[in-house]
S.K.: 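The following block contains the structure, expressed as structure tokens.
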Amino acid sequence: MLNPASAQFDVLRSVQVAAGKYVCGTVNAKDRSGAYRGHRAFVYAVAIDFARIDDDGEIAQRHDAYKACPVSEEEEKLAQQKIGISPGALQAIKLVQKTLPTADPSVLTDMASQPSSAGSGPAGTTEQQLGRLAGQPGSGGQQSESQTLRTTPGPEADWRADKPPTVWPVFPPDHVLAKPVQKRTNAEALVLAKSVEDLWAKSKAGTSSQRPSPDEIREALRALMAIDAKSAEFPQAWAAFVRLRTIEREASA
């Protein structure tokens with residue numbers, strides 16, 4: 001972590017699976033600026049004495065991509081009984097989560113809890129739909145738009161301006177980027193982002209004594225996130241968002 005002494009833990013629980021023992025929960029800690037960023041999920045692997053935190057590099061040093069807390073066999077059986085997931089669907093969920101670690105677990109659970117039969121319609125059985133999401137052979141054709149998983153971007157260190165995800169990243173309610181934003185058109189949001197980028201470039205080049213404040217940068221970031229991910233402007237907005245996040249870190253340093 002960037003500031004280990006500031007760590008505040010909550011909702012801790014131990015999990016034991018065949019592969020080993022884990023401690024899961026949430027942790028709040030200070031970032032580089034000394035500000036608390038809100039509780040983030042983490043998974044600590046006892047065997048290797050290492051934790052992965054779902055923090056986008058805000059409170060921890062760069063590490064491998066965060067993976068959700070493992071589920072014990074008892075928890076799997078209880079969940080299966082509670083929502084009626086078939087063994088085949090449960091196996092498919094594990095496969096999808098392994099293949100697509102950023103897949104929204106709630107979407108998978110919703111899909112798996114739907115009635116499944118050989119004649120369930122053009123989409124095929126639940127197992128076939130989940131299999132298609134994992135890209136498995138024999139899963140029955142191409143994935144339709146209605147079956148597309150809602151995925152979130154991976155670790156921020158892996159974000160690329162030229163590779164937009166399917167949705168915007170989701171920040172905790174107390175995060176500065178989760179605050180409400182002034183209503184703007186897509187064009188106005190893009191213009192605002194460009195103006196902040198241009199001003200930052202001029203200040204870096206020494207051609208302007210002014211530079212955008214962290215608040216102005218974050219306002220532009222929130223404006224971009226208000227653009228619908230399904231709109232034609234989303235790829236351009238995502239590229240600007242990635243660049244502005246870099247500027248935000250430099251401005252706050």
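Quick note: residue numbers are just sequence positions, from 1.
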S.K.: List the steps and the verdict of side chain to side chain donor-acceptor pair (under 3.5 Å) for D49 and Y44.
M.R.: CA-CA 7 Å; D49 189 27; Y44 168 71; 2.7 Å; yes
S.K.: Would you find a donor on one side and an acceptor on the other, under 3.5 Å apart, between the side chain of T207 and the backbone of K202?
M.R.: yes
S.K.: Is there a path of hydrophobic side-chain contacts, each under 4.5 Å between heavy atoms of I, L, V, M, F, W or Y residues, that connects I53 with F171?
M.R.: no
S.K.: Going by heavy atoms in the side chains, are W159 and P164 under 4.5 Å from each other?
M.R.: no
S.K.: Does a side-chain N-to-carboxylate-O contact under 4.0 Å join E58 and R32?
M.R.: no
S.K.: Are L12 and M1 in one and the same hydrophobic cluster, where Ile, Leu, Val, Met, Phe, Trp and Tyr link if side-chain heavy atoms are under 4.5 Å apart?
M.R.: yes
S.K.: To the nearest 0.5 Å, what is the distance between CD1 on I247 and CZ on R218?
M.R.: 13.0 Å
S.K.: Please walk me through it: do F241 and L221 pass side-chain contact (heavy atoms from CB on, under 4.5 Å)?
M.R.: CA-CA 6 Å; F241 182 84; L221 286 166; 3.4 Å; yes
S.K.: If you measure from CH2 on W200 to CG on L244, what distance do you get to the nearest 0.5 Å?
M.R.: 11.0 Å
S.K.: Begin with the C-alpha distance, continue with both residues' side-chain angles, and end with the deciding distance and a verdict on side-chain contact (heavy atoms from CB on, under 4.5 Å) for V17 and Y22.
M.R.: CA-CA 8 Å; V17 295; Y22 303 86; 3.6 Å; yes
S.K.: Without swapping roles, check the side chain of W168 against the backbone of I227 for a donor-acceptor pair under 3.5 Å.
M.R.: yes
S.K.: What are the two closest non-hydrogen atoms of A239 and A161, and how far apart are they?
M.R.: CB-O, 3.6 Å
S.K.: Atom CZ in R249, atom CD1 in I217: separation rounded to 0.5 Å?
M.R.: 11.0 Å
S.K.: Before giving the answer on side chain to side chain donor-acceptor pair (under 3.5 Å), spell out for S213 and D215 the whole-Å C-alpha distance, their side-chain angles and the decisive distance to 0.1 Å.
M.R.: CA-CA 5 Å; S213 68; D215 287 342; 5.2 Å; no
S.K.: Using every non-hydrogen atom in the two residues, find where T185 and E188 come nearest and quote the distance to one decimal.
M.R.: N-OE1, 2.9 Å
S.K.: Is there a side-chain contact between Q210 and L199 (heavy atoms, below 4.5 Å)?
M.R.: yes
S.K.: Following the transitive rule for hydrophobic clusters with a side-chain heavy-atom cut-off under 4.5 Å over Ile, Leu, Val, Met, Phe, Trp and Tyr, establish whether V15 and V43 coincide in one cluster.
M.R.: yes
S.K.: I'd like to check L2 versus Q61 (side-chain heavy atoms, cut-off strictly below 4.5 Å). Are they in contact?
M.R.: yes
S.K.: Start with the C-alpha gap between I59 and N3, add the side-chain angles, then the distance that decides, and say whether side-chain contact (heavy atoms from CB on, under 4.5 Å) holds.
M.R.: CA-CA 7 Å; I59 62 175; N3 193 328; over 6 Å; no
S.K.: Nearest 0.5 Å, please: how far is CG in L192 from CD in E197?
M.R.: 10.5 Å
S.K.: Give the minimum heavy-atom separation between R37 and V176, together with the two atoms involved.
M.R.: NH2-CG1, 4.4 Å
S.K.: Look at D162 together with R160 and state whether they make a salt bridge at an N to O cut-off of under 4.0 Å.
M.R.: yes
S.K.: Flag yes if V46 and V27 sit in one hydrophobic cluster, no otherwise; membership is Ile, Leu, Val, Met, Phe, Trp, Tyr, and two members link when side-chain heavy atoms are under 4.5 Å apart.
M.R.: yes
S.K.: Check this for me: does any side-chain nitrogen of one of R222 and E219 sit under 4.0 Å from a carboxylate oxygen of the other?
M.R.: yes
S.K.: If I compare all heavy atoms of A251 with all of R211, which pair ends up nearest, and what's the gap?
M.R.: CA-NH2, 4.0 Å
S.K.: What's the shortest heavy-atom distance between N28 and G38, and which atoms?
M.R.: OD1-N, 2.9 Å
S.K.: Applying side-chain contact (heavy atoms from CB on, under 4.5 Å), run through L190 and Q236 and close with a yes or a no.
M.R.: CA-CA 8 Å; L190 290 169; Q236 183 181 353; 3.8 Å; yes
S.K.: Which heavy atom of Q8 sits nearest to which heavy atom of Y36, and what is that distance?
M.R.: NE2-OH, 3.4 Å
S.K.: Donor-acceptor pair, S203 side chain versus S208 backbone, under 3.5 Å?
M.R.: no
S.K.: Apply the test salt bridge (Lys or Arg N to Asp or Glu O under 4.0 Å) to residues D54 and R40: give CA-CA distance (whole Å), side-chain angles for both, the deciding distance (0.1 Å), then the verdict.
M.R.: CA-CA 6 Å; D54 188 15; R40 308 299 170 87; over 6 Å; no
S.K.: If you round to the nearest 0.5 Å, how far is NE2 of H39 from CG of D55?
M.R.: 13.5 Å
